[in-house]
Colleague: 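This is the structure I want to talk about, given as structure tokens.
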Amino acid sequence: MAERYPFHAVEKKWRRRWEEEDLYAVPDFEDKPKYYCLEMFPYPSGKLHMGHVRNYAIGDVIARFKRMQGYSVLHPMGWDAFGLPAENAAIKHGIHPHDWTWQNISFMREQLKQLGFSYDWHREIATCHPDYYRWTQWLFLQFFHRGLAYRKKAPVNWCPSCATVLANEQVVGGVCERCKTPVVPRELEQWFLRITAYAERLLQDLDKLTGWPEKVKVMQRNWIGKSEGALINFPVVGREEGITVFTTRPDTLYGVTYLVLAPEHPLVMELAAEDRREEVGCFVERARLLPALSRTAGEQEKEGLFLGAFCRHPLTGEDIPIYVANYVLMEYGTGAVMGVPAHDQRDFEFARKFGLPIKVVIQPPGEVLDPDTMTAAYVDEGVLVNSGPFDGKPNLQAMGEIVAYLEEKGLGKRQVTYRLRDWLISRQRYWGAPIPIVYCDQCGIVPVPEEQLPVLLPYNVAFKPTGESPLKDCPEFVNTTCPRCGAPARRETDTMDTFICSSWYYFRYTSPKEDKAPWDKAKVNYWLPVDQYIGGVEHAILHLLYSRFFTKFLYDIGLVSCDEPFTNLLTQGMVLKDGAKMSKSKGNIVSPEEIVEHYGADTTRLFILFAAPPERDLEWSDEGVEGCARFLNRVWRLVRSLIPVVQGAGEPAESLSPPNRELRRLTHRTVERVTKDIEEFGLNTAVSAIMEFTNGLARYCEEVKPEERDPGTLREAVETLILLLAPFAPYMAEELWEQLGKKESVHRQAWPPYDPKLVVADQIEVVIQINGKVRGKVLVAATATPAEMEEAARREPRIEQLLAGKEVRKVITVPGKLVNFVVG
RNA sequence: GCCGGGGUGGCGGAAUUGGCAGACGCGUCGGACUCAAAAUCCGAUGGGGCCUGCCCCCGUGCGGGUUCAAGUCCCGCCCCCGGCACCA
């Protein structure tokens, strides 16, 4: 029975020692370059899943690697601890959300510790702790004082299942992002953060984020959805007030043949002709009742209705019919659109369906558009026609001129519009940070004074989802006095969206116990921005956009000195089983607990890093885990068998026999490979390089007689192997390091350097090609010149044979690589 | 439809700047050790061919092209995954 790495005992031993020595604590300031390595903190749902393990394993390799490279590394962990699941669990199992959450935290903390992640636990935070949410509330007040937190009545997304409203970002394809229930519109008075005030900067500064994946930046760009265009006023026949439309194509203004209003547009009913009121009312009602799902998800048949009213074209004075139609959205632009069927596909379809005229105003080069035979709108560039004084101009030029003309006449103006909406942050739920606001009959909306924070979440509350905050039924909470006039007043009972809590946690880690401010400025400015952020791509818009918004705001009010929080972002892929995301309903969950129990932390980590590059999805494989366990056992046996030789050995000898020189070369080449791979997140190839190194070392031991081995070279190889393995398999590396007789932790060692001179082989194998096909190989000195390479190639018997009697027209030599004979 | 990513053995995945396709691992097959098995170790493993030579042909989604040389570059397609989707 071959000896096996006794991971249970080793893990237990080192967990205790590391904790005793406080190995991973990082001082606030140190005389070293800083590196802030952060992974997205988890929601304490109960147990870790493989996605967490992957996320944190990747982060831990980076943190340990940087630490060994001499950085002072901030690598913290905490809990995104407010949220709905706690309340749902409470309702289902009769356990209080507070208790449920803290139980989960203590279980998951234990799991993280078992996995050997190198967090500084002194900096642990939980967003549901009053010491934390006190500052969440404080930050809300900063927004409030600057007019960036406001209350308004608006149509909002209501999730019937979660019994709360949702932000736009939390509605995906018309359904609730968390429970997939179709959301329904509701008209409610709610709190918003004015993220739209930062739309332009959030967009512009994406260009600064060179360390972010393009994918995420594109998603944010689309989400912000900037369009440049114009507002144009169309006077309504027989009325004072006109209709303002937003268009990105003012160059097509002369092609307008009708106007369309969104069903929710306030003018719809006003403008509807007497005899059409009822019909229009029905239409609007039908559109309104349709769940958001079918309104926004997928294109659907265009429906519309003539209102029986007309407006006047601002430039031609023509009468233009006004319609109401389902394809116009009230939320975007002005909720009114000018219909240009010839040059907008949607308008084209609508016009064809309702028999509206199609008027061509842009002619493509070398083609004449005929409205009667067109099968699709022409949306590209061309020259204006039927456009009065603008005829003959290129449309891009005309665009500016038409807007300028409208501005001059007071008929319209330049306008930039964003798709981004203000962030709805009220939640009608219990388990969140209370919004620190008091309503007073005399004074109105009054912010809770900072010195009265936190507004504590009461413990004894019935948290049934009724559609109203459970806090409403808690008189001790609701009833208060007005901070301004002292009269009886009521507290705001809604709590904050948990994304608020997670929008600033990375600042708090720098000074988690600070009680005079959300953070110590000097510390925040020392550590921030985060050098490397790692997490799932599902947060591409939500968390990452909100955090950028928060950071910019805090920068503006002078609380932080960076205006982007995350310099580099790595979005890791999902963990799949049988090609599908692990989920309870599919029954394909692999539990980290069981794997760690059965194979140990090192094997679990190693497999998850080896099986795929970090950004890609990872297919779980039990056999693959076995393979990694086998590898670690091999390392264990190999290193232990060499301890007697290695201990006490000195430096490698000056002059080495070929096998020793080869081993030395392998050692240094491996350091080079692993270093470069980790730097560019090729963690899977870093692991395979270590495996190859192990194989090479084992082969050396097999092939080279003990008396021919150079002890110094062997020592260097073995120590290097352990050092390289340390970020990936920290427990085993630490144990072997100690068995080697080392006194100080392997995790406090410097990352091994490599000597480029030693990496180069004495001899290199040159590929010999004839007409681009490999026909042989030859060993030459690494220093061989192209002429020497060619000469050596020609001398190869087989090549000589193949070239005999042929005319060599050309010879291409790539130094150190190949010789290619081109024969006629 | 638009945007982003991808398509390489039986599987997960490697391949600087265009320079030996398939590293490493899994699986499979064969062998050693063993009474036997497990564990461990060794060897083989893209497909095909015959003249069994450490030889030849084919081979990185498909069709063209550039080049001495293409998984990699160019043109035209197909398929898969992710995101957005009536945004005027």
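All values reported here derive from a predicted model rather than from experimental measurement. First the proteins, then the strands, lettered A, B, ... as listed; each starts at 1.
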Colleague: Side-chain N or O of A/Arg634 versus OP1/OP2 of B/rC24: is the shortest distance under 4.0 Å?
Modeller: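 No.
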
Colleague: Determine the contact category for A/Pro613: base if any of its heavy atoms lies under 4.0 Å from a base atom, sugar-phosphate if only primed atoms, P, OP1 or OP2 are that close, otherwise nothing.
Modeller: sugar-phosphate

Colleague: Does a side-chain N or O of A/Asn684 approach OP1 or OP2 of B/rA14 to a distance below 4.0 Å, or not?
Modeller: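 For B/rA14, OP1 or OP2 has a side-chain N or O of A/Asn684 closer than 4.0 Å.
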
Colleague: Between A/Lys226 (NZ) and B/rA88 (P), how many Å, whole number?
Modeller: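 About 13 Å, once rounded to whole Å.
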
Colleague: Respond yes when some side-chain nitrogen or oxygen of A/Arg221 is under 4.0 Å from OP1 or OP2 of B/rC2, and no when none is.
Modeller: no

Colleague: Rounding to an integer number of Å, can you tell me how far A/Glu538 CD sits from B/rC84 P?
Modeller: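 Roughly 13 Å, once rounded to whole Å.
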
Colleague: Whole-Å distance between B/rA21 P and A/Lys773 NZ?
Modeller: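 It is 10 Å, rounded to the nearest whole Å.
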
Colleague: Provide the Watson-Crick or G-U wobble partner of B/rG27, both distances under 3.5 Å; none if there is no partner.
Modeller: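 Here B/rG27 is engaged in a pair, and the nucleotide opposite it is B/rU45.
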
Colleague: Checking all strands, does A/Ser621 fall into the base, sugar-phosphate, or nothing category for heavy-atom contacts under 4.0 angstrom?
Modeller: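 Contact class for A/Ser621: none.
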
Colleague: Whole angstroms only, please: what is the CD-P distance between A/Glu3 and B/rC41?
Modeller: 13 Å

Colleague: Assign A/Val822 to base, sugar-phosphate, or nothing according to its heavy-atom contacts below 4.0 angstrom with the strands shown.
Modeller: sugar-phosphate

Colleague: Please work out whether B/rG31 sits syn or anti, treating a glycosidic angle within 90° of 0 as syn.
Modeller: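 Anti.
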
Colleague: Base, sugar-phosphate, or nothing: which does A/Asp347 touch, judged by heavy atoms less than 4.0 Å apart?
Modeller: nothing

Colleague: So, is A/Arg630 close to the B/rG27 phosphate, meaning a side-chain N or O under 4.0 Å from OP1 or OP2?
Modeller: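 Affirmative; the distance criterion is met.
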
Colleague: NA contact type, A/Val814, heavy-atom cut-off 4.0 Å: base, sugar-phosphate, or nothing?
Modeller: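 Base, at least one base atom sits under 4.0 Å.
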
Colleague: Using the closest heavy atom to pick a nucleotide of RNA chain B for each, name whichever of A/Arg775 or A/Arg616 lands nearer the 5' end.
Modeller: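 Whichever sits nearer the 5' end wins; that is A/Arg616.
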
Colleague: Mind checking who B/rC54 pairs with, Watson-Crick or G-U wobble, both distances under 3.5 Å?
Modeller: none

Colleague: Kindly state whether the ring of A/Phe610 and the ring of A/Phe631 have centres lying under 6.0 angstrom apart.
Modeller: no

Colleague: With heavy atoms under 4.0 Å as the rule, sort A/Gln345 into base, sugar-phosphate or nothing.
Modeller: nothing

Colleague: Calculate, to the nearest 0.5 Å, the distance between atoms NE2 and CD belonging to A/His543 and A/Glu169 respectively.
Modeller: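 These two atoms lie 13.5 Å from each other.
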
Colleague: How are the rings of A/Phe607 and A/Trp620 set relative to one another: parallel (under 30°), tilted (30 to 60°) or perpendicular (over 60°)?
Modeller: perpendicular

Colleague: Paired with B/rG1: which nucleotide, if any, by Watson-Crick or G-U wobble criteria at under 3.5 Å for both distances?
Modeller: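 Partner of B/rG1: B/rC84.
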
Colleague: With RNA chain B as reference, determine whether A/Ser227 or A/Asn820 sits nearer its 5' end, using the nearest nucleotide of each.
Modeller: A/Asn820

Colleague: So, does the side chain of A/Lys817 form a donor-acceptor pair with the base of B/rC20 at under 3.5 Å?
Modeller: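 For A/Lys817, whose side chain was compared with the base of B/rC20, there is no donor-acceptor pair (under 3.5 Å).
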
Colleague: Given side chain to side chain donor-acceptor pair (under 3.5 Å), test A/Asp622 with A/Tyr599 step by step and report yes or no.
Modeller: CA-CA 11 Å; A/Asp622 291 330; A/Tyr599 294 98; over 6 Å; no

Colleague: Could you tell me whether A/Lys353 atom NZ has more than 12 heavy atoms of other residues or ligands within 6.0 Å of it?
Modeller: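 Yes - once you tally the heavy atoms of other residues, nucleotides and ligands closer than 6.0 Å, there are more than 12.
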
Colleague: Using a strict 4.0 Å threshold on nitrogen-to-oxygen distance, state whether A/Arg630 and A/Glu626 make a salt bridge.
Modeller: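 A salt bridge is absent here (no side-chain N lies under 4.0 Å from a carboxylate O).
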
Colleague: Contact class for A/Gly225 vs. all strands (heavy atom < 4.0 Å): base, sugar-phosphate, or nothing?
Modeller: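 The answer is nothing, as A/Gly225 stays clear of every strand by at least 4.0 Å.
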
Colleague: Rounding to a whole Å, what distance do you find between A/Glu615:CD and B/rA14:P?
Modeller: 9 Å

Colleague: Do we see a donor-acceptor contact under 3.5 Å between the side chains of A/Arg419 and A/Asn222?
Modeller: no

Colleague: Heavy atoms only, 4.0 Å cut-off, all strands: where does A/Val774 land among base, sugar-phosphate and nothing?
Modeller: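 The residue A/Val774 makes sugar-phosphate contact but no base contact.
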
Colleague: Assess whether one donor atom and one acceptor atom, taken from the side chain of A/Lys810 and the base of B/rC68, lie less than 3.5 Å apart.
Modeller: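 Checked by distance alone, the answer is no.
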
Colleague: Counting only Watson-Crick pairs (N1-N3 plus N6-O4 or O6-N4) and G-U wobbles (N1-O2, O6-N3), all under 3.5 Å, who is the partner of B/rA32?
Modeller: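 Across all strands, the one nucleotide that pairs with B/rA32 is B/rU40.
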
Colleague: Would you kindly give the CG-to-C1' distance between A/Leu802 and B/rG53, to the nearest whole Å?
Modeller: 12 Å

Colleague: Tell me the interatomic distance from A/Trp636, atom CH2, to B/rC41, atom C1', rounded to whole angstroms.
Modeller: 20 Å

Colleague: Check every strand shown and say whether A/Asn633 touches a base, only sugar-phosphate, or nothing at a heavy-atom separation below 4.0 Å.
Modeller: nothing

Colleague: With heavy atoms under 4.0 Å as the rule, sort A/Arg421 into base, sugar-phosphate or nothing.
Modeller: nothing

Colleague: For a quick check of understanding: with a heavy-atom distance under 4.0 Å over all strands, which category does A/Glu214 fall into, base, sugar-phosphate or nothing?
Modeller: nothing

Colleague: Over how many whole Å does the gap from A/Asn695 atom CG to B/rC24 atom P extend?
Modeller: 7 Å

